[in-house]
Every structure is written in structure tokens, then in C-alpha cells.
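Structure first, then comments.
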Number of protein chains: 2
Amino acid sequence: MQANLTMKKIAKELGVSVSTVSRALQNHPRIGSLTTEKVQKLARELHYQPNSRAINFKNNRSFNVGVVLPYLTEQFFSIALSGIEETLMEKGYSVVVMQSKNDYEREAAAVDSLIRHGVDGILVSMASETYNKSHFNNATHKVPIVFFDRVLKHPRYSAVYGNITKAAFDAMEYLIEKGYSDIALMNGPNSLQATSEREKGYVDALKKYNIPVDIQYVKNLNLTKEDTVLKINELLDLENRPRIILAFHDYIALDAMEVCKQRGLKINQDISFVTFSNLSFCTYLDNPPIATVEQFPGELGSSAAQLLLEAMETPDTYEPREIVIEPKLIIR
Amino acid sequence: MQANLTMKKIAKELGVSVSTVSRALQNHPRIGSLTTEKVQKLARELHYQPNSRAINFKNNRSFNVGVVLPYLTEQFFSIALSGIEETLMEKGYSVVVMQSKNDYEREAAAVDSLIRHGVDGILVSMASETYNKSHFNNATHKVPIVFFDRVLKHPRYSAVYGNITKAAFDAMEYLIEKGYSDIALMNGPNSLQATSEREKGYVDALKKYNIPVDIQYVKNLNLTKEDTVLKINELLDLENRPRIILAFHDYIALDAMEVCKQRGLKINQDISFVTFSNLSFCTYLDNPPIATVEQFPGELGSSAAQLLLEAMETPDTYEPREIVIEPKLIIR
DNA sequence: CTGAATGGCGCAATCGGTTGCGCAACAGTC
DNA sequence: GACTGTTGCGCAACCGATTGCGCCATTCAG
């Protein structure tokens, strides 16, 4: 850890003033070519690097962007983060990441901490437990915020998200057209906006084809394995057992498949699955979900990053807006 | 985006000096309780937040830590990053993450960029293509560096990594004791240190049991699917086809399994796999690898973070050192 | 009534750069 | 020789917060 090398030392060494050193390093025309050369030579020899904290302080910019998401270990979010990192890196920004673990307190603390750390903007995918939104209001007074995937819909905020309703509708339409019936929905937790959107697409499709909606076929899960096991068992216990399960996540489908197998059902024969995330490993399953909705998490992240870039770099003309990424149904 | 609220404004509003405001906010004993109360009240009302950039500048600390890793989308690294984030968050540090994509140039640029952004320390899992180490030498003059998983072994650097040799040895010993023979090794790329360590464990175990080493059984892969397909086909084409494949990653095993199935071999009957990463979804496979080496990426990351914390907070007494995390063989 | 002690607060320097302005020296013009 | 223009560089303010030191006013002891 070498001692701090500042312009002051270069200036003293050369018998010139600090301002001359500063200008010489910027090739300022008012500095003589001889002096400029001398300064640059010594700076090179001493491996001078300007103190970024001083520059950030002076410019009131840090070129850091905060990202708050539920879990880094969830593939959806790590892919989104990767897209964010790529987009921001190109523009010279760094990514500061924090996990909310779906906890409101942690999320609020993370947003607060990012502000205190002096980021120039924040990307958020909301915790499922977030009921109080005031931490975003406070933060947005200081820096722009853009939501992605798990968004807060409000004219004040930009948001990037997938068209879940249409995705669910498309998946249902595909299944119905294929002649499948008895389609159940294993949906996410109530606290997520996507849950109601998914249900809407499910219901809309049934209505379009004049199929009655059986509320016993719609289950909201709470993300724990126990609950998944409970709900799939409830479905399998129904007199009119579903033939297709529309699951809101591959992992939910996998856990449900296990229960099915234990109960002697053959996957993709007695019962099939369609999922809302396209995890790469599913192609390796002997009996994968017959279709899946690809939500393009990388594009979600990178679009959100681009909105944030605009908000940070042209704050005067920037108007909050929403971008909808169309998911794609992938048939296996 | 409200205008910057500084101490100056509070001071002017109250007709006191900036230093009084500063001290009042710190409950300095030399400030009268009346003044202190007034200042704190107004600060609260105006939602005053100290300018972190000014404080960072003054203290020459940012409480940011840089993390450079190959890919965020690789589960191993996203779990490691999660462990890093948890450990550092507790101590008030934030994590700035960058992907090297296994490219030397990007890695060097990332390290450089982190230094310029003013991080207090750096955690690195090296790019497989990194041949030149000078970017680390330059960086370490400025801030401490700790390596994790893909480490640079050098007395100057701290490093945290798994005991791959022993893990490979243990896996082999288990297989040999179980009576398995004809065990092949699908290893990683030459450029990774872990590759030679894994090979050493493989060879050591064979030698211990006086089993001749067949070099045709040892393949080094380059991480592309084509190469994996090529190498598994070479193995299956051998006169003495292996019965067990020790694969250095679950995804390699999955790709190889596909080829095996295509060639009419039954997994876990005609041929079985043992892998070096314990990806959660493998438990959902109908025929998963019969054993797997858990490398505890979260612990790897969090141990590295703890070393870095020590290096950052007590730089005078800190001595670089290595921590070895013992992997665990998990039998399915 | 004077001297010291104490409480309450402000001045100014500091961190490391950047930048407007001004000063000096010199050349060129009339 | 006085005037203007140009070149080359330094002074000092500034960004926002922190902090050593010193000043003034009050209080209390002697």
C-alpha cells in the first residue's frame, strides 16, 4: 500500500504549482509544451493515478449504480444482474449489488445504504414482502430509481417487466388449442403483482373458449417446498384431477413432479407441466415441462439499466416510463 | 431530485456556523443542549443526509469492495457472491461486482476500473485466460486483494480455495472401495489450476490401489459443449469403455449423459457419473450422478470476504495467508 | 475587583483535485 | 516609448464535512 501520491508531490518535485500539474495532465493549451512534457513524464514514472474519491466528490458523481434484488442465488436474478452489469459497464458505471431476501426491512436498509454510499441511481426488483413504499419515496428525492421484473407501478417510477398476462394467456391458448383440458394453475404468492396478472391471463383464456373457471384449480403458493407439496397434493386429491399444471416456476414444477411420481403418476403421460421460467437444466430432464415461458431476464435487466442511464445522464428531459418485454412460449 | 441539502443551509437557517451544526449532529459536549436540539430538529425536518462522497473523500474510505469473477450466470459464482455480500453487508461494506467472462483484458480492465472507482479492497476469482498477472501487482499497491476459488498462489496474496486434490482422491477412493473400476476423468481446461490438482487426486488414488493409470481415460475439456461431446465420444469409443466418469462439473456430466443415452447406454447402469459441483437441480434428475463433491461456494466467498475485512481494517498487522475449504463427498 | 476556570461557539485549515481570473514577461505594432 | 496581444503560469476559491484552536462571555474563587 504505497503512500498517497498526489498532484502536490509532483508539483513540489518540479517546482511548479498544483494547478499547473492539473492542467498539464489535461493537455491544457495555456501550459507550455516543455512543462506539460515534464509533468506527464514524472506522472508516468511515479504511476500517478488521480484520487477518484476527490473527483467523485467534486463532480458529485460516483459512477456507481445500486441494484437491489431478492436473491443472487436465484438464476433469474443472477441472469438479470449479468445483463445489468454488461449494459452499465459499457458506459463506465459499476454495479453495487444488495440482496433483500424478500424482506421489507432489508430492502429498505439496502436502499438507504446505497444512497449513503452515494450511488448515482438504483435498480430494484422488489421484495415480495414489501408493503410500505416510503423507502422508495425518500430515495427518489436523491437519485433516480428504475424497477425491473417485480415492479412498483406508479407514474413517478420507471419500470421494466414482462407481460405476464399475455404469457399466461398464450400458454393457455396453446394448451386449449392442442386439446388439453383440466388445466390447473400453481401460482405465486399474493404479494407479487405477477401473480394476479398470471391469473388474469389464465382466466381470460378459459373465458375466451367458454371453459368454466374452477377455483379449486387455482392455487397460490408461498415459495416454500412444504407449501408446494401441500398444494399439489390438494390438486391431485380433487375428483377431477388436473392433467396439466401451469406452474409459475421450474422449481415449483420440479417439486410438484416429485410428489406426482411418488403417487405413481407418470410425468408427461398422466400429468404434464408448463412453467414460467426457462431454466437451462430443464432440457436435461427425462420428462421436462412440455412448454415453458421464457421471460428474458437478461433483457429485462439491460433494458432497466438503459432507462436508468437515461435518467441519470439527462435528468432534465427524462420522463419516467414503462417498458414491457414480451415473453415467449417455448414448446418442447 | 431535490437540491443538495448541506450543513451550510442548516447553519444559515439557524444563524449558527457550519462547525456548530456538525458538532451538534454528533452530540458534541461543547455544544449547548439548546443549540444541539435546534439543529437536530431542523435536520430531521429537512431529512438531512450527510453527503457520503464528502465523507468518503475526507476519510479516504468508500466502504465499497470490488468483486471480479468470470460469470454471474454460473451458479457457483452467484452463490459465492451471495456469501460475499452477506458477510460484507454485516460490516457495512457494499459489493461492486464485475464479470471478466474469462477474458484477460476484461479482468485487467475491471480491476483497474475498481481501483479508479475507489474501492477499499478487491476479491478476485481469476479468469481462466489470465496469463499476465501485472494488473494484480499494480492494484495491490493501492488496496488489498484476496483471491477465491480460482486463485493466484503467491506469498503476497491471500487466497481461499477448495482442496480439489483431496476431493478427487476421496471420490476415487470411495469408488474403488465400492468395487468400481474403469474410471475416467473428464477434467477442466489446462489453464485452471484446479485441473492439475484434480488430476493429481485421481492419479494418487489409482496409485494407492496399484491400479495402472490409463492416459486415454483422462480428458481435459475446454468448457464448450462441442468439446464435451467430442471427448465423451472418444471415451465411449475406447475398447475398454469406462464404467464411471468423474466429471468436473454437473453441466459437463449432463451433456455427456445425453450422448450416452443417444448411444443407447443406460445411466447408472451401463455408465455412471460423479461430479464436482452440487447443483441443486441434480436431485430432480431421474438418474442423477451417483455422488458429487460439494465445494461450498458460499463459504468460499464468505471466508474470502472475512480475510479481506481483516486486511482492510488492520492493514498494519495483516499478513497474507491461505484458507483451504475442505470439500465434501456426497453420496446419493 | 481581579484572575482563573468553564461553557458555548466560530474561524480556518484540511482532504485532492478543478478552474476563473489575474499577473508578469515578452513580442509586435504604430 | 506607449499600447495591445499573447504566452505561461500561479493564486485562491470551491466541493461538504470534520476538527484543533482560540475567542468571548459568564461564573466563581480569592
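Just so it is clear: chains get the letters A, B, ... in the order the sequence lines come, proteins before strands, and each one is counted from 1.
Using a 3.5 Å distance cut-off with no hydrogens or angles, the side chains of A:Q295 and A:D149 do not pair a donor with an acceptor. Side-chain atoms of B:E322 and B:S158 include no donor-acceptor pair closer than 3.5 Å. No hydrogens or angles considered: nothing links the side chains of B:T36 and B:Q40 as a donor-acceptor pair under 3.5 Å. Looking only at atom types and distance, the side chain of A:N102 has no donor-acceptor partner in the side chain of A:E107 under 3.5 Å away.
The existence of a salt bridge linking A:R321 and A:E310 is confirmed by a sub-4.0 Å separation between a basic side-chain nitrogen and an acidic carboxylate oxygen.
One donor-acceptor pair, N or O on each side, does fall under 3.5 Å between the base of C:dC11 and the side chain of B:S19.
Across the protein-nucleic acid pair, B:N56 atom CG and D:dC15 atom P stand 19 Å apart, rounded to whole Å. Following rounding to the nearest Å, B:H28 (NE2) and D:dG20 (P) show an atom-to-atom distance of 8 Å. One interatomic measurement links the two molecules: CG of B:L25 to P of D:dA17, which rounds to 9 Å at whole-angstrom precision.
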Between the protein and nucleotides 6-9 of chain D, which nitrogen or oxygen pairs come in under 3.5 angstrom?
| residue | atom | partner | partner atom | Å |
| --- | --- | --- | --- | --- |
| D:dG8 | N7 | A:R30 | NH2 | 3.3 |
| D:dG8 | O6 | A:R30 | NH2 | 3.3 |
| D:dC9 | OP1 | A:T35 | OG1 | 2.4 |
| D:dC9 | OP2 | A:G32 | N | 2.6 |
| D:dC9 | OP2 | A:T35 | OG1 | 3.0 |

I'd like a table of atom pairs between the protein and nucleotides 13-16 of chain C - only N or O on both sides, under 3.5 Å - with the distance next to each one.
| residue | atom | partner | partner atom | Å |
| --- | --- | --- | --- | --- |
| C:dT14 | O2 | B:K58 | NZ | 3.4 |
| C:dC15 | OP2 | A:K8 | NZ | 3.3 |

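The CD1 atom of B:I145 sits 5.0 Å away from the OG1 atom of B:T140 when rounded to the nearest 0.5 Å.
Heavy-atom neighbours of B:K133 NZ from other residues, nucleotides or ligands within 6.0 Å: above the threshold of 12.
Distances shown here put every side-chain N or O of B:S22 at or beyond 4.0 Å from the OP1 or OP2 atom of D:dA17. Remark: A:Q26 is in phosphate contact with C:dT19, judged by side-chain N or O atoms under 4.0 Å from OP1 or OP2.
The aromatic rings of A:Y93 and A:F63 lie tilted to each other, with the angle between the two planes from 30° to 60°.
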